[in-house]
2 protein chains.
Amino acid sequence: MGAKRKLDYDCPIRDVLDRVGDAWTVLTILELSKGPCRFNALKRVIDGISQRMLAVTLRNLERDGLVIRRVLPSAPPHVEYSLTARGLSLHQAIGTLNEWAVDHQPGIRADRLRYDQRPALV
Amino acid sequence: MGAKRKLDYDCPIRDVLDRVGDAWTVLTILELSKGPCRFNALKRVIDGISQRMLAVTLRNLERDGLVIRRVLPSAPPHVEYSLTARGLSLHQAIGTLNEWAVDHQPGIRADRLRYDQRPALV
DNA sequence: CAGCATCCCCACTGATACTG
DNA sequence: CAGTATCAGTGGGGATGCTG
């Protein structure tokens, strides 16, 4: 099988993980949690994201009902993205994970170093 | 850049997500949360995982201090894996996300269907 | 039983160019 | 501004075979 198995799992946790596992998705949600934002504004603020991946990410979020896409009727087309209630609740859930990450990152980093630097014994 | 940017982020959340984003990792933690387990036992119970990915996953978890690897001194080598305190705490954090997943999966599935079946207008 | 080494395919991503 | 279409490359991960 390929790089990522995109079967539609019945398992809910895998379902979420398929979305949350993508770093762009999380970063996008994080940005949008601060308030509605336009396409290029997001592109500017999400460091390193390509136009393509932002488009793909937003489309997926919209499909899952996590983000709303609003087209403002103006001469140069303006499109505003914002989190739905569901998106906001996901942001909360991610927040828990984020706290865990912040709490444990130092210890993890330390352990990684020790693991990597230990002699290659059997 | 490649498929996945494996820079070592300073951002803690990306750090966690690089680990948690992998479905195998989560499934493995889920299994080990039930108690210590041997290699092939894990392989049997984690549906669809290959030997290679289980080995890689366990090594990463061990490296991050989330899992302990104990070699039991027996004639055919027995290796037992179990969660550390840190691994257990990650399991808790994932639990939050899991609850979210269970709560919202029906709605998400429904929205996906609507999104996919709507006429391809502009 | 536990797990590393090798090969190889293809899904995902970034780059680039074009449109409404 | 806000995208879509196309193309090419990278590396994740399955399959297989071997070792302690």
Side-chain angles (χ1 to χ4, degrees), chain A residues 1-8 14 17-28 31-32 36-63 67-82 115 120-122, chain B residues 1-7 14 17-28 31-32 36-63 67-82 120-122:
Chain A
M1 233 168 283
K4 218 162 192 176
R5 312 160 64 223
K6 280 293 183 191
L7 316 168
D8 55 340
R14 296 193 71 156
L17 254 25
D18 268 358
R19 189 124 328 285
V20 168
D22 173 21
W24 296 133
T25 296
V26 174
L27 293 181
T28 302
E31 270 317 310
L32 287 179
C37 199
R38 300 231 315 266
F39 188 88
N40 277 331
L42 280 173
K43 186 169 175 329
R44 244 171 279 124
V45 75
I46 300 177
D47 188 53
I49 196 170
S50 67
Q51 189 183 36
R52 190 185 120 83
M53 284 319 293
L54 180 55
V56 170
T57 300
L58 287 171
R59 179 85 13 129
N60 282 331
L61 286 172
E62 192 194 355
R63 190 169 95 106
V67 155
I68 286 283
R69 178 177 182 273
R70 283 187 52 216
V71 181
L72 309 180
S74 40
H78 284 213
V79 181
E80 193 180 78
Y81 292 92
S82 53
Y115 188 95
L121 56 86
V122 181
Chain B
M1 232 169 283
K4 217 163 190 174
R5 310 163 63 222
K6 279 291 182 190
L7 315 168
R14 295 193 70 157
L17 253 27
D18 268 358
R19 190 127 321 290
V20 169
D22 173 21
W24 297 132
T25 296
V26 174
L27 292 181
T28 303
E31 269 316 310
L32 287 178
C37 200
R38 301 233 314 266
F39 188 88
N40 276 331
L42 281 173
K43 184 166 176 332
R44 245 171 278 124
V45 74
I46 300 177
D47 188 53
I49 197 169
S50 67
Q51 187 184 39
R52 190 184 120 84
M53 285 320 293
L54 180 55
V56 170
T57 300
L58 286 172
R59 214 169 322 118
N60 282 330
L61 287 172
E62 192 193 356
R63 191 169 95 104
V67 155
I68 288 283
R69 178 178 182 271
R70 283 185 54 213
V71 181
L72 307 180
S74 38
H78 285 214
V79 180
E80 193 181 78
Y81 292 93
S82 53
L121 55 87
V122 180

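In what follows, chains are A, B, ... by sequence order, proteins preceding strands, each numbered from 1.
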Taking the axis from the first five pairs and the axis from the last five, what angle separates them in the helix from C:dC1-D:dG20 to C:dG20-D:dC1, rounded to 10 degrees?
50°
B:Y81 versus B:I68: any side-chain heavy-atom pair under 4.5 Å?
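Contact flag for B:Y81/B:I68 side chains = no.
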Side chains of A:Y115 and B:E62: closer than 4.5 Å at any heavy-atom pair?
yes
Specify the separation, in whole Å, of atom [atom1] of [X] and atom [atom2] of [N].
{"X": "B:L58", "N": "C:dC1", "atom1": "CG", "atom2": "C1'", "answer": "14 Å"}
{"X": "A:D22", "N": "C:dA11", "atom1": "CG", "atom2": "C1'", "answer": "14 Å"}
{"X": "B:L54", "N": "D:dG14", "atom1": "CG", "atom2": "P", "answer": "11 Å"}
{"X": "B:I49", "N": "D:dG13", "atom1": "CD1", "atom2": "P", "answer": "10 Å"}

Counting only side-chain nitrogens and oxygens, does B:R69 get under 4.0 Å of the OP1 or OP2 atom of C:dA2?
no
Establish, with yes or no, whether the OP1 or OP2 oxygen of C:dC1 is under 4.0 angstrom from a side-chain nitrogen or oxygen of B:Y81.
no
So which nucleotide from D:dG14, D:dC1, D:dG3 ends up closest to the side chain of B:S50?
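Side chain of B:S50 sits closest to D:dG14.
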Of the listed nucleotides D:dG20, C:dG14, D:dC1, the one nearest the side chain of A:W24
C:dG14
State, to 0.1 Å, how close [X] and [Y] come at their nearest heavy-atom pair, and which atoms those are.
{"X": "B:L32", "Y": "B:C37", "result": "CD2-CB, 3.9 Å"}
{"X": "B:F39", "Y": "B:L54", "result": "O-CD2, 3.5 Å"}
{"X": "B:E31", "Y": "B:I46", "result": "CG-CG1, 3.9 Å"}

Go nucleotide by nucleotide along DNA chain C from the 5' end; which of B:R38 and A:M53 gets its closest nucleotide reached first?
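The answer here is B:R38.
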Salt bridge (Lys or Arg N to Asp or Glu O under 4.0 Å) involving A:R44 - partner list, sequence neighbours excluded:
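So A:R44 forms no salt bridge (Lys or Arg N to Asp or Glu O under 4.0 Å) with any residue.
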Before accepting this row, confirm whether a basic side-chain N of the pair A:E80/A:R70 lies closer than 4.0 Å to the acidic partner's carboxylate O.
yes
Before giving the answer on side-chain contact (heavy atoms from CB on, under 4.5 Å), spell out for B:L27 and B:I49 the whole-Å C-alpha distance, their side-chain angles and the decisive distance to 0.1 Å.
CA-CA 10 Å; B:L27 292 181; B:I49 197 169; over 6 Å; no
Residues A:L17, B:D22; criterion side-chain contact (heavy atoms from CB on, under 4.5 Å); working and verdict:
CA-CA 8 Å; A:L17 254 25; B:D22 173 21; over 6 Å; no
List, with names and distances, any nitrogen or oxygen atoms from the protein found under 3.5 Å away from nitrogen or oxygen atoms belonging to nucleotides 4-6 of chain D.
{"residue": "D:dT4", "atom": "OP1", "partner": "A:R59", "partner atom": "NH1", "Å": "2.5"}
{"residue": "D:dT4", "atom": "OP1", "partner": "A:R59", "partner atom": "NH2", "Å": "3.0"}
{"residue": "D:dT4", "atom": "O4", "partner": "A:Q51", "partner atom": "OE1", "Å": "3.4"}

